[in-house]
4 protein chains.
Amino acid sequence: MTFQAIVELHPRPTGVDRGALLRCIEDCLDCGASCTACADASLGESDVQEMVRVIRLCADCADACDATGRIVARQTAPDLELMRAMIRACSAACLACADECERHAAHHEHCRVCAEVCRRCKQACDELLTKIG
Amino acid sequence: MTFQAIVELHPRPTGVDRGALLRCIEDCLDCGASCTACADASLGESDVQEMVRVIRLCADCADACDATGRIVARQTAPDLELMRAMIRACSAACLACADECERHAAHHEHCRVCAEVCRRCKQACDELLTKIG
Amino acid sequence: MTFQAIVELHPRPTGVDRGALLRCIEDCLDCGASCTACADASLGESDVQEMVRVIRLCADCADACDATGRIVARQTAPDLELMRAMIRACSAACLACADECERHAAHHEHCRVCAEVCRRCKQACDELLTKIG
Amino acid sequence: MTFQAIVELHPRPTGVDRGALLRCIEDCLDCGASCTACADASLGESDVQEMVRVIRLCADCADACDATGRIVARQTAPDLELMRAMIRACSAACLACADECERHAAHHEHCRVCAEVCRRCKQACDELLTKIG
């Protein structure tokens with residue numbers, strides 16, 4: 001993706017580990033889109049009645065990831081406490097969504113894949129948290 | 001606003017204090033729009049060079065409030081840890097943005113008003129947190 | 001809502017009819033939150049299988065309204081063609097969502113109310129379009 | 001990105017050209033994040049006074065791309081007129097943002113790269129429009 005080049009061209013980088021930052025942004029984008037698509041695929045399943053909680057938590061996780069990806073992508077004059085709290089919220093959303101998707105992984109492949117993306121995004125959030133101090 | 005009637009018509013309310021819930025959603029909507037408008041007004045000021053941090057934190061706060069308003073407005077099968085973490089992130093965003101806007105309150109009325117909205121939204125978030133347990 | 005005061009305090013207003021502008025922003029906020037809440041209430045209904053298209057179109061309409069509310073709230077150096085295209089998209093989303101919600105108005109009060117909010121938001125969008133020329 | 005696998009696992013695909021759909025979603029994600037990062041990099045430049053319109057149009061384009069990426073990623077029971085209007089709005093946002101970024105391409109590399117991403121996203125939107133009919 002090209003956004004990484006733009007993040008790297010920032011005139012006043014914050015000093016936060018660049019690799020951890022880029023991984024977190026990319027995983028937030030991928031997880032946000034994956035959760036939007038998994039909520040929609042779950043809504044299209046014939047057993048939608050069983051998928052209610054997946055649909056709800058995927059919607060939450062998409063909202064958390066999209067907002068976090070935006071906030072983490074900004075390097076100008078950040079507030080670190082705001083940033084940490086947001087990354088923690090994203091990590092919590094990914095965990096809740098991964099756990100619920102996993103319960104449906106055996107019969108819905110899109111849930112199995114979505115759980116994986118959520119776990120990877122949680123890990124990228126947790127790793128970035130250790131770099132922000 | 002009409003959205004409140006729809007929140008009240010939910011077939012399976014979660015048992016969370018309804019008043020605190022509605023105040024949090026409404027304040028998130030108002031604060032999100034206020035921060036978008038204050039970032040934009042600050043961008044239009046002749047002393048924009050002095051407003052860089054206001055613009056950045058208003059953008060963050062708008063993203064946090066909009067995502068939190070959506071998540072809090074959902075009552076079906078919630079994950080309370082996700083919800084708490086998100087409300088905490090919103091509270092942190094409102095605090096950071098209010099503090100920065102306040103520094104410009106004397107010379108930019110829109111910053112003075114925006115700081116007030118952020119403080120009110122933070123309070124609504126903090127109150128809702130005490131009700132979710 | 002307080003955001004209106006901030007919109008009115010913009011240092012370089014665009015000359016677009018202020019009343020039509022404020023109505024459009026407020027209706028986008030209300031409609032966005034209403035559609036998020038109606039999608040969620042529909043997801044919580046025992047006849048969720050019948051509500052699939054409501055849930056999908058409410059999600060679309062919430063995304064369109066939230067993005068349009070943000071774009072319309074900005075008055076600094078706008079691109080009018082971008083703004084018109086976005087307001088037209090919001091109007092189309094409100095129309096599609098209102099029509100679908102109306103089909104469920106008789107048995108789900110939240111859909112009846114949501115259809116009304118969508119129609120009002122569509123009208124505010126259409127009125128603003130006539131003022132941007 | 002993994003979201004593509006989830007889009008391909010949808011139980012009831014809409015029949016819209018899958019390749020054009022996936023390109024549009026991916027370019028919306030990349031362009032949304034690129035515009036958020038370019039607005040932020042521009043805000044951090046010492047000549048921020050000259051960058052006001054870039055910052056504004058990048059913010060608009062990020063909002064349009066993020067909303068469009070979500071709507072296009074949903075395949076369950078779509079409304080094609082809504083979808084077309086949204087993709088047209090995204091195309092208009094990308095065009096306006098690309099033109100403005102290009103004016104700063106010679107002295108700010110992030111604007112040069114962002115203009116390219118916007119043009120690619122506009123093309124993906126326009127191509128998808130020809131497939132939805």
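Heavy atoms only: backbone and side chains are in, while hydrogens, waters and symmetry mates are out. Here the structure is a predicted model, which is why all the values come from computation and not from measurement.
- In this structure, CE on Met83(D) lies 6.0 Å from CG on Asp60(C), to the nearest 0.5 angstrom.
- Between atom CG of residue Asp79(C) and atom CG of residue Asp99(D) there is a gap of 8.5 Å, rounded to the nearest 0.5 Å.
- With a threshold of 4.5 angstrom between heavy atoms, Ala59(D) approaches chain C through its backbone and through its side chain.
- When each of Ser91(C), Ala89(C), Cys94(C) is checked for heavy-atom pairs under 4.5 Å with chain D, Ala89(C) comes out on top.
- Considering every non-hydrogen atom in both Ala77(C) and Arg53(D), the closest pair reads O-NE, 3.2 Å.
- Shown here for Arg88(D) and Ala85(C), the closest heavy-atom pair between the two residues is O-CB, 4.5 Å.
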Taking it one step at a time, do Arg56(C) and Ile71(D) satisfy side-chain contact (heavy atoms from CB on, under 4.5 Å)?
CA-CA 9 Å; Arg56(C) 192 260 151 85; Ile71(D) 289 172; 4.3 Å; yes

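- The two residues Ala92(D) and Leu82(C) come nearest to each other via the heavy atoms CB-CA, 4.2 Å.
- Under a cut-off of 6.0 angstrom, the local environment of CD in Gln123(C) is sparse, with at most 12 non-hydrogen atoms contributed by other residues, nucleotides or ligands.
- Atom-to-atom distance recorded for Asp63(C):CG and Met86(D):CE is 7.5 Å, nearest 0.5 angstrom.
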Test salt bridge (charged side-chain N to carboxylate O under 4.0 Å, His left out) on Asp66(C) and Arg70(D) and set out the steps.
CA-CA 12 Å; Asp66(C) 287 0; Arg70(D) 283 170 164 241; over 6 Å; no

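- In terms of heavy-atom pairs under 4.5 Å with chain D, the best-connected choice from Pro78(C), Ala96(C), Ala67(C), Ala93(C) is Pro78(C).
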